[in-house]
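One structure below.
Basis for what follows: all heavy atoms, side chains included, without hydrogens, waters or symmetry-related copies.
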Amino acid sequence: MVVELSKQKNTYERLDKPTKSNWSVLLGAAFLMGSSAIGPGFLTQTAVFTEQLLASFGFVILMSIILDIGVQVNVWRIIAVSKKRGQDIANMVLPGLGYFLAFAVSLGGLAFNIGNIGGAGLGMNVLFGLDVRIGAIITAAVAVGIFLSKEAGVAMDKIARVLGLMMVLMTLFVAFQSNPPVGEAVLRTFAPKTIDVFAIITLVGGTVGGYITFAGGHRLLDAGISGKENLHQVTKSSVSGIIIASIMRIFLFLAVLGVVITGFELDPKNPAASVFEQAAGIVGYKMFGLVLWAAGITSVVGAAYTSVSFLRTLSGKIDRNNTKVIIGFIVVSTIIFVLIGEPVLLLILAGAFNGLILPIALGTLLIAAYKKSIVGDYKHPLWLTIFGGIVFFATAYLAGVTLINQVPKLFS
């Protein structure tokens with residue numbers, strides 16, 4: 001797949017004046033990261049927090065955007081300047097750490113892929129009345145078709161851009177229909193009535209946690225866009241990914257706010273769906289189905305691609321059969337969902353590991369930024385290190401809380 005693209009780019013060309021194809025890859029990487037973050041869980045999480053915090057959730061979004069940018073720029077820049085994937089950098093910082101990181105990302109990716117497949121299947125159920133399992137199988141077939149394409153990297157970029165844009169526009173339509181109190185939302189974004197620190201950290205983990213942290217960075221590396229000479233464009237692409245996910249969250253926040261401010265209570269079984277239906281009737285409900293399917297399949301593609309990218313340099317056989325392994329990853333996720341649904345134990349394990357991935361990965365890469373054996377004579381900006389440090393400590397705390405809460409469930 002994307003290996004073919006990297007073969008065409010054996011030299012790292014400068015992107016001071018990016019070509020049309022390079023812009024496509026840069027934008028595709030941004031949408032891959034952004035749309036990977038916008039999964040079924042993203043929709044539910046945003047709806048629930050908005051119902052709890054009302055207009056003050058705008059402040060949570062603002063703080064999470066700032067912290068997300070700090071994480072994403074750190075990770076993508078260090079991957080680009082070192083010309084190495086995250087797990088290889090981790091192994092150079094501490095031998096064996098990269099193997100743990102690869103295992104944690106892959107396990108988390110598999111578990112969340114099962115949920116993403118299920119979410120996409122539910123989207124097709126809303127759209128066409130299909131059995132959720134049948135919808136999941138159709139979605140998996142579409143995802144496999146993307147990676148069977150001769151230019152899978154290009155196809156992946158296009159799918160991420162088209163579906164990502166579609167989700168944003170449809171959610172914007174529903175936001176208009178719900179008639180939210182925009183003035184109040186803007187005011188409380190900067191002067192909140194309630195500050196929920198846990199919600200801020202949770203949003204950061206949901207947007208740039210797990211495999212999502214590395215999705216776009218690894219995509220650019222596979223496309224041959226790396227090195228100090230390309231850092232400006234890599235940075236722009238990383239920030240764009242956060243902006244894409246954040247625009248979607250803001251529009252969904254406004255849509256939910258317009259509905260709940262009237263006293264309407266969201267359906268706890270499917271809070272986001274009840275927002276779309278309440279705001280725009282049956283048309284809104286069908287639009288939710290399309291948004292849910294798009295969120296599911298883009299996350300399936302992003303999770304499979306990024307999870308397997310963590311295994312490539314750990315095994316030559318996986319590297320040589322990269323596309324087949326990605327397809328196998330999607331197929332296995334689908335089989336598990338179709339046969340046993342969403343396995344509770346696997347999801348609990350993945351949740352615990354996912355909480356560890358962001359602080360471990362970010363902390364490791366911040367250390368790597370100051371190792372000449374990894375980044376050469378590159379000088380990492382101090383403000384980025386400080387930014388990254390703040391997020392590291394915050395997410396490390398959340399990881400501890402997650403482990404304490406999740407591990408006992410394995411024995412209950």
*Taking atom types as modelled and ignoring hydrogens, do the side chains of Arg85 and Ser309 form a donor-acceptor contact shorter than 3.5 angstrom?*
no
Got [X] and [Y] here, is their nearest side-chain heavy-atom distance under 4.5 Å?
{"X": "Phe264", "Y": "Leu266", "value": "yes"}
{"X": "Val234", "Y": "Ser226", "value": "no"}
{"X": "Arg188", "Y": "Lys193", "value": "yes"}
{"X": "Ser106", "Y": "Leu311", "value": "yes"}
{"X": "Thr207", "Y": "Ile212", "value": "no"}
{"X": "Val260", "Y": "Glu265", "value": "no"}
{"X": "Thr385", "Y": "His380", "value": "yes"}
{"X": "Thr139", "Y": "Met124", "value": "yes"}

*Applying side chain to side chain donor-acceptor pair (under 3.5 Å), run through Tyr305 and Asn322 and close with a yes or a no.*
CA-CA 9 Å; Tyr305 168 75; Asn322 182 51; over 6 Å; no
*Salt-bridge present (Arg249, Asp68; N to O < 4.0 Å)*: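 No, this pair does not count.
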Distance from [X] atom [atom1] to [Y] atom [atom2], nearest 0.5 Å?
{"X": "Leu67", "Y": "Thr395", "atom1": "CG", "atom2": "OG1", "answer": "9.5 Å"}
{"X": "Leu257", "Y": "Leu252", "atom1": "CG", "atom2": "CG", "answer": "11.0 Å"}
{"X": "Lys84", "Y": "Ile374", "atom1": "NZ", "atom2": "CD1", "answer": "7.5 Å"}
{"X": "Ile297", "Y": "Leu292", "atom1": "CD1", "atom2": "CG", "answer": "12.0 Å"}
{"X": "Gln72", "Y": "Phe214", "atom1": "CD", "atom2": "CZ", "answer": "9.5 Å"}
{"X": "Leu290", "Y": "Met166", "atom1": "CG", "atom2": "CE", "answer": "3.5 Å"}

*asked:* In this structure, is the centre-to-centre distance between the rings of His218 and Phe310 below 6.0 Å?
replied: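 Judged by ring-centre distance (under 6.0 Å), Phe310 and His218 do meet the cut-off.
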*Does the ring centre of Phe190 sit less than 6.0 Å away from the ring centre of Phe59?*
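No, the ring centres sit 6.0 Å or more apart.
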*Carefully, step by step, assess Phe49 and Thr202 under the rule side chain to side chain contact (heavy atoms under 4.5 Å, CB included).*
CA-CA 10 Å; Phe49 275 132; Thr202 301; 4.1 Å; yes
Surrounding [atom1] of [X] (heavy atoms of other residues, nucleotides or ligands, distance under 6.0 Å), is the total greater than 12?
{"X": "Phe198", "atom1": "CZ", "answer": "no"}
{"X": "Lys158", "atom1": "NZ", "answer": "no"}
{"X": "Phe176", "atom1": "CZ", "answer": "no"}

Using atom types as modelled and distance alone, determine if a side-chain donor or acceptor of [X] lies under 3.5 Å from a backbone N or O of [Y].
{"X": "Ser274", "Y": "Asp267", "value": "yes"}
{"X": "Ser178", "Y": "Val259", "value": "no"}
{"X": "Thr44", "Y": "Gly41", "value": "no"}
{"X": "Ser237", "Y": "Gln233", "value": "no"}
{"X": "Ser333", "Y": "Ile114", "value": "no"}
{"X": "Asn321", "Y": "Lys324", "value": "no"}
{"X": "Thr298", "Y": "Ala295", "value": "yes"}
{"X": "Asn125", "Y": "Leu130", "value": "yes"}

Heavy atoms only: give me the nearest [X]-[Y] pair and the separation to one decimal.
{"X": "Val338", "Y": "Arg133", "answer": "O-NE, 2.7 Å"}
{"X": "Ala143", "Y": "Ile330", "answer": "CB-CD1, 3.9 Å"}
{"X": "Gly109", "Y": "Tyr211", "answer": "CA-CD2, 4.3 Å"}
{"X": "Ile326", "Y": "Ala304", "answer": "CG2-CB, 3.9 Å"}
{"X": "Ala47", "Y": "Pro271", "answer": "CB-CB, 3.9 Å"}
{"X": "Ile78", "Y": "Ala369", "answer": "CD1-CB, 3.7 Å"}

*Hey, mind stepping through Phe100 and Gln87 against side chain to side chain contact (heavy atoms under 4.5 Å, CB included) and telling me if it holds?*
CA-CA 8 Å; Phe100 171 78; Gln87 69 273 21; over 6 Å; no
_Is there a side chain to side chain contact (heavy atoms under 4.5 Å, CB included) between Ser307 and Phe329? Walk through the geometry before answering._
CA-CA 9 Å; Ser307 297; Phe329 192 91; 3.7 Å; yes
*Using the ring of each side chain (for Trp, its six-membered ring), is Tyr285 parallel, tilted or perpendicular to Phe288, with breaks at 30° and 60°?*
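Plane angle under 30°, so parallel.
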*Just say parallel, tilted or perpendicular for the rings of Phe253 and Phe57, cut-offs at 30° and 60°.*
perpendicular
*Verify side chain to side chain contact (heavy atoms under 4.5 Å, CB included) between Thr189 and Ile61, making sure each step is shown before the conclusion.*
CA-CA 8 Å; Thr189 295; Ile61 294 175; over 6 Å; no
*Assess whether salt bridge (charged side-chain N to carboxylate O under 4.0 Å, His left out) is satisfied between Asp222 and Arg312, documenting all intermediate values.*
CA-CA 11 Å; Asp222 286 337; Arg312 287 180 62 182; 3.5 Å; yes
*Applying the side-chain contact (heavy atoms from CB on, under 4.5 Å) test to Val168, which of Leu163, Ile250, Val291, Ile247 qualifies?*
Ile247
